[in-house]
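Computed over heavy atoms, backbone and side chain alike; hydrogens, waters and symmetry mates excluded. Start at 1 and go down the list; that is how both ligands and their atoms are numbered. Not measured: the values here are computed from a predicted model.
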Amino acid sequence: MRIAMIGTGYVGLVSGACFADFGHQVTCVDKDQGKIDALLAGRMPIWEPGLETLVSSNCARGRLKFTTDLEEGVRDAEAVFLAVGTPARRGDGHADLSFVFAAVRELAKALTRAVVVVTKSTVPVGTGDRIAEILAEEGAPEGCSVASNPEFLREGAAIRDFKIPDRIIVGAEDDKARETLKEIYRPLFLNQAPILITSRRTAELTKYAANAFLAMKISFINEMADLCEAVGADVQELARGIGLDNRIGPKFLHPGPGYGGSCFPKDTLALLQTAAEAGVEQRIVATVVEVNDTRKQSMASRVAAALGGSLEGKRVGVLGLTFKPNTDDMRDSPAIPLVAGLVSGGASVIAFDPVGVDGAKPLLPAIDYAGNAESVAEGADALVIVTEWDEFRALDLRALARSMRGRTLVDLRNIYDRAEAERAGLDYFGVGRGRR
Ligand SMILES: NC(=O)c1ccc[n+]([C@@H]2O[C@H](COP(=O)([O-])OP(=O)(O)OC[C@H]3O[C@@H](n4cnc5c(N)ncnc54)[C@H](O)[C@@H]3O)[C@@H](O)[C@H]2O)c1
């Protein structure tokens, strides 16, 4: 199958490279000349494990190409995927569809033959209908189909998620779209990945429902963590105790500083907008958003409390800045309000992240950056673990404690336990690990 991918970000690049790896002929298009130049020179514009090898091997086999020229990119395509961004619109939280609609307008003019247009971007219910209208308005060739194929990959494990998905959702209104997508994903369902064919609207909404549900699980365990702290219980044991129940499952039951990233924050807000427009209350999701926002804002006070109540004049070392490990993505990272709160409380902050520093600097300019965890600890009153990178899981706590000025370890990911931190001479503050 000949495929064009419009938008070569996290989703477009990973999807394009994986489709090429299945044997399809893929051209990835992006407006960002710098991104395409980097890819043509063999450099990855994002940090994602395994991506460089996947991209270079498929380029070498001639199955994966990159261009900024949309006409060239879609010239022979049978299916055109849209993977442009849909960030939250400033002010109202509605998904900003301007990139999607602009891409569709350009696409309509560039097409010389009927194609299946597939929306991989996360878009509100009804967007596929509007895309079909725009294609017609802008004079796209007769016979184009519009399908929805939401993407569920996780940054940091994106290639594995794409190649071994829990499920593939295809929302389509006609046989041509259904058959084209089945053909594209055939290598995966030969491997038994379930493919669920739904209406276009159902597929669009399924993506939001999935993300809202996962966000709810995180907020639930975060509130349980607060309760554990208050009553002297341990949320790690509690999470295991409920997670072993098959009806609940162990995933997304890790307490922490609140969810961030490029999806959950904006997708929960967009779902609320969709519901408001439909006149339907979504009180659970509304509460999840509120609980998470409050939590992210409260993390600096948690550090202050661990330091005896005040941040004034304190040196705080921050380990990890990205919203989760194995990505350089800083979008809506809990580190942003945490660090801002530390600085406004009078602390000086020094931070290290294995790959996120370049992305963090423009967002957090008023702090110092170090090249490793050891330098972060030097002279610090408190160390705060924000992102559970593997390289933070086996730190030499004794050595860190010796070089610190204070002895406070705030572990927002519960990667250590109290006993080992105390053996190293540190005062340990985990999440939801109350004691009596
Ligand atoms: N990042 C994730 O983990 C993830 C997972 C599932 C779904 N999604 C969804 O996928 C979509 C893309 O997300 P992302 O994180 O890959 O975004 P991104 O910002 O990393 O990439 C989007 C790319 O689209 C390009 N672009 C914008 N308009 C264009 C146009 N008219 N023509 C060509 N290129 C254009 C941009 O230059 C950018 O490179 C979003 O809707 C997101 O919600 C993301």
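- With ligand atoms numbered from 1 in the order given, ligand 1 contributes 38 (C), 39 (O) to contacts under 4.0 Å with heavy atoms of Lys35.
- For Glu388 and His254, the side-chain atoms include no donor-acceptor pair closer than 3.5 Å.
- Below 3.5 Å of separation, one finds no N or O of Glu151 facing any N or O of ligand 1.
- At the top of the distance list for atom 2 (C) of ligand 1, counting protein heavy atoms only, stands Glu155 OE2, 3.5 Å.
- With respect to atom 19 (O) of ligand 1, the closest heavy atom belonging to the protein is Arg331 NH1, 3.7 Å.
- A donor and an acceptor atom, one from each side chain of Asp328 and Tyr10, are located under 3.5 Å apart.
- The closest donor-acceptor contact from the side chain of Lys296 to the backbone of Asp332 lies under 3.5 Å.
- Short contacts between ligand 1 and Ala103, defined as distances under 4.0 Å to a heavy atom of the residue, involve ligand atoms 31 (N).
- Checking only distances, Asp267 never comes within under 3.5 Å of ligand 1, N or O to N or O.
- For atom 34 (N) of ligand 1, the nearest protein heavy atom (residue, atom name, distance) is Lys31 N, 3.3 Å.
- Annotation: atom 41 (O) of ligand 1 to nearest protein heavy atom, Thr86 OG1, 2.5 Å.
- With Arg154 contributing its side chain and Asp161 its backbone, the two residues share no donor-acceptor pair below 3.5 Å.
- For atom 9 (C) of ligand 1, the nearest protein heavy atom (residue, atom name, distance) is Thr122 OG1, 3.5 Å.
- Heavy-atom separations between Ser262 and ligand 1 include at least one value shorter than 4.0 Å.
- Comparing heavy-atom distances from atom 8 (N) of ligand 1 across Val11, Thr68, Ile36, Ile6 singles out Val11 as nearest.
- A donor-acceptor pair shorter than 3.5 Å can be found between the side chains of Ser375 and Asn372.
- The six-membered or imidazole ring of Phe19 lies near that of Phe162, with a centre-to-centre distance under 6.0 Å.
- Judged purely by distance below 3.5 Å, without hydrogens or angles, the side chains of Asp69 and Thr67 never pair a donor atom with an acceptor atom.
- At the shortest separation from atom 43 (O) of ligand 1 among protein heavy atoms lies Lys266 NZ, 2.6 Å.
- The nearest heavy-atom contact from the protein to atom 21 (O) of ligand 1 is Gly9 CA, 3.2 Å.
- The closest donor-acceptor contact from the side chain of Thr274 to the backbone of Ala270 lies under 3.5 Å.
- Electrostatic pairing of Arg433 and Asp417 does not count as a salt bridge here, judged by no charged N lying under 4.0 Å from a carboxylate O.
- Here the protein heavy atom with the shortest distance to atom 26 (N) of ligand 1 is Val84 CG1, 3.7 Å.
- Using modelled atom types and a 3.5 Å distance limit, the side chains of Ser298 and Ser301 yield no donor-acceptor pair.
- Residue-level proximity to ligand 1 for Ala83 is carried by the backbone, the only part with a heavy atom below 4.0 angstrom.
- Summarising the contacts of atom 25 (C) of ligand 1 with Val29, Thr8, Asp30, the nearest heavy atom is found in Asp30.
- Those atoms of ligand 1 with a heavy atom of Gly85 less than 4.0 angstrom away are 22 (C).
- The N/O atoms of Arg154, backbone and side chain alike, include none that comes under 3.5 Å of an N/O atom in ligand 1.
- The aromatic rings of Phe264 and Tyr259 stand perpendicular to each other, their planes meeting at an angle above 60°, with 30° marking the opposite boundary.
- In terms of polar-atom proximity, Asp32 is not counted as a contact of ligand 1, lacking any N or O under 3.5 Å from an N or O of the ligand.
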